[in-house]
Amino acid sequence: MTAADLVQEAPYRFRIEPAGAMRVPGVVFASRELVDAADRAIGQVADVATLPGIVDASYAMPDVHWGYGFAIGGVAATDPRDGGVVSPGGVGFDISCGVRLLAADIDAAALAPVLADVMDGLDPAIPRGMGRGAVWHLPGRDELTGILTGGSGYAVERGHGVERDLLRCEDEGAVADADPGRVSERAVERGARQVGSLGSGNHFLEVQRVAEVYDADVAAAFGIRRDQICVMIHCGSRGLGHQICTDHVREMERAMPGHGIEVPDRQLACAPVESPEGRAYLGAMAAAANYGRANRQLLAEAARAVFRRAAGARLDLVYDVSHNLAKIEDHVVAGRRRRLCVHRKGATRALPPGHPDLPGDLRDAGQPVLIPGTMGTSSYVLTGVAGAPAFASTCHGAGRAQSRHQAARGVDGKNLRAAMERDGIAVRASSWRGLAEEHPGAYKDVSAVVEAAEGAGLCRKVARLVPVGVVKG
DNA sequence: ATGTAC
């Protein structure tokens with residue numbers, strides 16, 4: 001199964017006909033160029049179509065690329081009342097990895113004279129990289145429980161943020177039904193010292209400038225305008241989420257024969273949503289999701305303190321949304337309302353205008369969808385559209401074009417930083433090797449991804465942001 | 001993504 005097996009149905013829509021054990025078709029939203037870049041991920045989209053209880057189609061977003069079991073950029077919904085399964089591979093190892101955008105009350109011109117001070121303030125204030133500490137150090141399970149059940153709300157309760165922040169968070173900052181009892185001791189140990197830390201790889205905190213506004217009314221509702229300074233934070237649930245994924249994949253591999261489930265790839269390990277293993281995973285996953293949200297809340301507070309001190313500026317939350325999560329949601333499929341388990345792995349929820357889960361001040365505009373690009377290029381703010389396919393989902397980023405190893409070959413981190421600084425982008429990196437692995441050429445063109453997502457009717461462009469300062473793990 | 005290996 002490769003890109004050659006895809007039939008083009010529309011300018012940005014390709015179809016994989018059901019064959020073999022596939023229960024539904026595969027649908028890939030992409031341009032011809034992006035489909036050709038998807039490579040091995042196409043076979044994974046077909047594999048996901050074999051999962052018990054899958055509804056409608058196995059979907060892939062324009063930034064789809066190969067991942068653990070499920071492709072990154074995949075969306076799959078199952079019906080629990082029809083034996084539908086939940087699969088940790090459909091969420092990914094970095095549970096609730098996502099993006100938070102804050103808008104400053106100053107423009108780029110006003111920040112310029114103090115940018116170096118802001119960057120020098122962020123450098124020590126934003127813990128990142130491997131094992132380098134965090135905003136909070138919690139001794140153990142008891143101290144972590146508030147975070148695992150309360151997410152961003154718990155951080156706010158403890159003085160890290162304001163109530164309004166929660167209105168601008170997906171799920172108001174916490175997924176319900178978190179079950180800390182399903183989080184292993186090992187996951188707790190790994191997570192206890194990492195609350196409020198970026199991590200590494202493609203995770204970052206960037207100071208950005210709004211370079212272009214495509215829809216002024218929606219942008220105004222989101223609280224952003226041209227030339228304004230914003231802060232974008234991209235990070236997840238660190239070692240805790242990783243350990244939860246590992247634990248529950250193992251558990252489901254053991255349980256699958258008892259449920260009579262066969263999958264074409266071991267990495268698609270899954271269990272019925274309505275089974276002990278399925279419920280255990282969803283409870284632990286929700287706890288990791290809340291950890292990820294609290295993580296972004298604490299890092300946002302750290303950035304706020306720096307901006308207040310170094311620039312006399314305030315940062316208001318635009319939105320916080322995950323792109324690695326499974327959620328129980330209501331959707332109308334073929335005219336019938338159904339409660340489904342929607343897996344989004346490297347895909348962003350994009351609620352349309354009027355959706356009841358949106359806060360009042362965003363009801364007419366739709367949900368802010370935050371798309372991190374690569375350092376040195378652009379990031380995007382999008383919004384959901386009515387009547388979109390794929391269970392109100394869209395892309396999540398540029399998507400890698402080269403492996404980490406390939407990317408670092410022939411690129412020197414120090415030279416890369418110097419080149420970016422010459423282009424007017426301040427860089428505070430914690431690892432030269434890590435920086436080299438993230439050079440923009442290692443990624444697909446995020447603008448082409450967003451173009452395809454909009455062309456496919458998944459979302460609409462609202463604004464484009466460019467980096468002025470990059471803080472990397 | 002990830003104490004880059006159970």
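Keep in mind that what you see is a predicted model, and the values were worked out from it rather than measured. Throughout, a chain's letter reflects where its sequence line sits, starting with A, and its residues are numbered from 1.
His242(A) places its NE2 atom 13 Å from the C1' atom of dC6(B), with the value rounded to the nearest Å. Across the protein-nucleic acid pair, Leu240(A) atom CG and dT2(B) atom P stand 12 Å apart, rounded to whole Å. Computed from coordinates, the Glu438(A) CD to dT4(B) C1' distance equals 14 Å when rounded to whole Å. Atom CZ of Phe93(A) is separated from atom P of dG3(B) by 12 Å (rounded to the nearest Å).
When atom types are taken as modelled, the side chain of His396(A) and the backbone of Gly346(A) share a donor-acceptor pair closer than 3.5 angstrom.
In this structure Asp47(A) satisfies the side chain to side chain donor-acceptor pair (under 3.5 Å) test with no other residue, sequence neighbours excluded. Every residue was checked against the side chain to side chain donor-acceptor pair (under 3.5 Å) condition with His355(A), not counting sequence neighbours, and none meets it. The side chain to side chain contact (heavy atoms under 4.5 Å, CB included) search around Ala269(A) returns Val249(A), Met252(A), Glu253(A), Met256(A), not counting sequence neighbours. Contacts of Asp177(A) classified as side chain to side chain contact (heavy atoms under 4.5 Å, CB included), with partners at least two apart in sequence or in another chain: none. Among residues two or more places apart in sequence or in another chain, the side chain to side chain contact (heavy atoms under 4.5 Å, CB included) test is passed with Pro389(A) by Arg13(A), Phe29(A), Leu458(A).
The side chain of Arg238(A) contributes an N or O atom lying less than 4.0 Å from OP1 or OP2 of dG3(B). One finds a side-chain N or O of Gln194(A) lying less than 4.0 angstrom from the OP1 or OP2 phosphate oxygen of dG3(B). Considering only side-chain N and O atoms, Ser200(A) lies under 4.0 angstrom from the phosphate OP1 or OP2 of dT2(B).
Using a 4.0 Å cut-off on heavy atoms, the residues of residues 186-193 of chain A that approach DNA chain B are Arg186(A), Arg190(A), listed by number.
At a threshold of 4.0 angstrom between heavy atoms, the contacts of Gly92(A) with the nucleic acid are absent. Across all strands, Gly239(A) comes closer than 4.0 Å only to sugar-phosphate atoms, never to a base (heavy-atom distances).
Each of Arg400(A) and Arg250(A) has a nearest nucleotide on DNA chain B; the 5'-most of these lies closest to Arg400(A).
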